[in-house]
Amino acid sequence: MLQLNYIRENKDEVLKRLSIKHFKDGESVITKIIELDNHRRNSQKEGDNNKAEANALAKQIGELMKSGKKEEAEKLKLVTVELKQKEKQFDEKLKNIETEIHQLLVQVPNLPSEKVPAGKTPEDNEVVLKNGNKPNLATGSVPHWDLTTKYNLIDFELGVKIAGPGFPVYKGKGARLQRALINYFLDKAIAAGYNEVQPPILVNESSAYATGQLPDKEGQMYHTPVDDLYLIPTAEVPITNIYRDVILKENDLPIKNCGYTPCFRREAGSYGKDVRGLNRLHQFDKIEIVQIAHPEKSYEILEQMKDYVVGILKELELPFRVLKLCGGDLSFASALTYDLEVWSAAQQRWLEVSSVSNFETFQTNRLKCRFKDTDGKMQLAHSLNGSALALPRIVASLLENNQTPEGIKIPKVLIPYTGFEIIN
RNA sequence: GGAGAAAUGGCAGAGUGGUCUAUUGCGGCAGUCUUGAAAACUGUUGAGGGUCAAACCUCCGGGGGUUCGAAUCCCUCUUUCUCCGCCA
């Protein structure tokens, strides 16, 4: 959520940057917010003065009662009746205005950073790095959903029986490969200075609100109505919420956490080859890296996080590219995002395996995650996160790219974790 | 799941209707003393709104109520603790 003060003082700048994000109705929403904010301040002033008057009278009455002047006290009581009625009206009016402002404010997306390329569609994203060669597969090579059946690694049908489509059952070397990847990703993150946490994978409404999933994206999350909890779509939600309502010290920053969790996404309504096999699932595993950063350092840190994920993809020997998302493709809460995509040789397409974003103060404003700077002033910290990495598409690419007539070769770096060199 | 107790500023802990504009201690910060540090002493020390700055307003777990006036009384929700039951 944008800061009201910032909008008020930088209207033109806000509108200019919202237009890069292709936020429709920007002009009218922002104008309305500023107008309501003026009302808010006027109403509050009126209400506060009224309250000040009532407070002073109550104090006077108290003093009169104490010194035994009962009749005078009773007279003053009559005066307070009118003030009290007014107070109720002022409070109600203020509350209504504040609610209205809030409802508008949560609809406004984050402002894109100056580095965000203009553009509207995924085609306008800027390729900032390409690495590795696309393999030339032997004839007879097949997509991963055939390989997982051939080598008995994943049973999609069994998952349908137990839960439904999008809930695969990993078996044998398929399950062991999952576990190997999780451990490898966590060990890498720890070595890079991240603190490992195991958060809850169900969260309450306040948490989902603070990281921006609510009120907008209810439909994307599984919800348990009896207890009113949400299954997390990403570990970003619980890990970032560790810092909800927290005041940090300036030299605590940056704070680096990582965590492995299953992730749950409803993603209703798509079918076909885009979602076939491991391409899109309702439940999948992901290791997430999250940082709470000093505002002056957050973009430097975003580069480090992106480079960190690049390093892992290189070690896994997967061909990949890095995209800087254009304004139109940027998510609601993000100021700048890098997407990392691996090449899936048998499908002949790029698969997104990581998204690394700087949210600046968009999340921390809702989280109320602040720090006291050297001048003793409160400032909102910046929050960042990235996948490092999401498993299913890594597995898809790994299986497809490394298939040979003899079997699927495991990348060197993973062998200590899998305990086997080939799937055959 | 049943019974009881509790929730106050970074922490500890007073406060049961009217200077609470929240006592005190610890911790933090600044100063004095010191070559420096410790100790001691002195001062200072929550958040949000509002203002050029002030004044002023709100916040004692959340929400609602009683009252001229609520940390204090009432209702309700949440959380924590103790005991019992169940259980990985």
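Everything numeric in this text was worked out from a predicted model, so none of it was measured. Numbers restart at 1 for each chain; the letters A, B, ... are given by sequence-line order, proteins then strands.
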Spacing of the C1' atoms in rC84(B) and rU67(B) (rounded, Å): 42 Å

Name of the residue among P112(A), S113(A), C326(A) meeting side-chain contact (heavy atoms from CB on, under 4.5 Å) with I20(A): P112(A)

For chain A, the stretch of RNA chain B it reaches, first to last nucleotide, under 4.0 Å of its heavy atoms: rG18(B) to rG69(B)

Pairwise P distance for rC33(B) and rG48(B), with rounding to whole Å: 36 Å

Sugar-phosphate only, base, or nothing, as touched by K372(A) at under 4.0 Å among non-hydrogen atoms: sugar-phosphate

Touch class at under 4.0 angstrom, heavy-atom based, for K377(A) against every strand present: nothing

Nearest-angstrom distance, P atom, rU66(B) to rC11(B): 33 Å

Ring pair (Phe, Tyr, Trp, His ring centres under 6.0 Å) partners of residues 354-391 of chain A, not counting sequence neighbours, each pair once: H294(A)-F371(A), F332(A)-F362(A)

Test side chain to side chain donor-acceptor pair (under 3.5 Å) applied to R41(A) - qualifying residues, sequence neighbours left out: N38(A)

Whole-Å C1' distance, rG18(B) and rG9(B): 23 Å

Sequence neighbours excluded, every pair satisfying side-chain hydrogen bond (donor to acceptor under 3.5 Å, both in side chains) that has a member inside residues 354-367 of chain A: E236(A)-Q363(A), S298(A)-N358(A), Y299(A)-E360(A), T337(A)-S357(A), D339(A)-S355(A), Q363(A)-S383(A)

Where at least one partner belongs to residues 92-106 of chain A, residue pairs that pass side-chain hydrogen bond (donor to acceptor under 3.5 Å, both in side chains), sequence neighbours excluded: H102(A)-Y209(A)

Where at least one partner belongs to residues 7-44 of chain A, residue pairs that pass ring pair (Phe, Tyr, Trp, His ring centres under 6.0 Å), sequence neighbours excluded: none

Residue pairs, two or more places apart or on separate chains, that pass ring pair (Phe, Tyr, Trp, His ring centres under 6.0 Å) and touch residues 60-79 of chain A: none

Integer angstrom distance from the P of rC77(B) to that of rA3(B): 13 Å

Who pairs with rU35(B) - Watson-Crick or G-U, where each distance is under 3.5 Å: none

Interatomic distance at P, rU72(B) relative to rG2(B), whole Å: 28 Å

Show me the side-chain donor-acceptor pairs of residues 191-204 of chain A shorter than 3.5 Å, one per line, residues at least two apart or across chains.
unit_1  : atom_1 : unit_2  : atom_2 : d
Y194(A) : OH     : Q291(A) : NE2    : 3.0
N195(A) : ND2    : N257(A) : OD1    : 3.1
N204(A) : OD1    : S206(A) : N      : 3.4
N204(A) : OD1    : S207(A) : N      : 3.0
N204(A) : OD1    : S207(A) : OG     : 3.1

Do any side-chain atoms of residues 45-55 of chain A form donor-acceptor pairs under 3.5 angstrom with protein atoms, and if so which ones, sequence neighbours left out?
unit_1 : atom_1 : unit_2 : atom_2 : d
D48(A) : OD2    : Q44(A) : NE2    : 3.3
N49(A) : ND2    : K45(A) : O      : 3.3
N50(A) : ND2    : L83(A) : O      : 3.1
K51(A) : NZ     : D91(A) : OD1    : 3.2

For rA3(B), the Watson-Crick or wobble partner whose two distances fall under 3.5 Å: rU82(B)

Interface with RNA chain B, restricted to residues 46-57 of chain A and to heavy atoms under 4.0 Å: D48(A), K51(A), A52(A), N55(A)

Cationic tip of K173(A) above F420(A) ring, under 6.0 Å, 45° of axis: yes

Any residue of residues 37-44 of chain A with a heavy atom less than 4.0 Å from an atom of RNA chain B: R40(A), R41(A), Q44(A)

Using distance only, find each side-chain donor-acceptor pair of residues 304-313 of chain A under 3.5 Å and give its atom names and separation, not counting sequence neighbours.
unit_1  : atom_1 : unit_2  : atom_2 : d
K306(A) : NZ     : E303(A) : OE1    : 3.2
Y308(A) : OH     : A189(A) : N      : 2.9

P gap between rU23(B) and rU16(B), integer Å: 15 Å

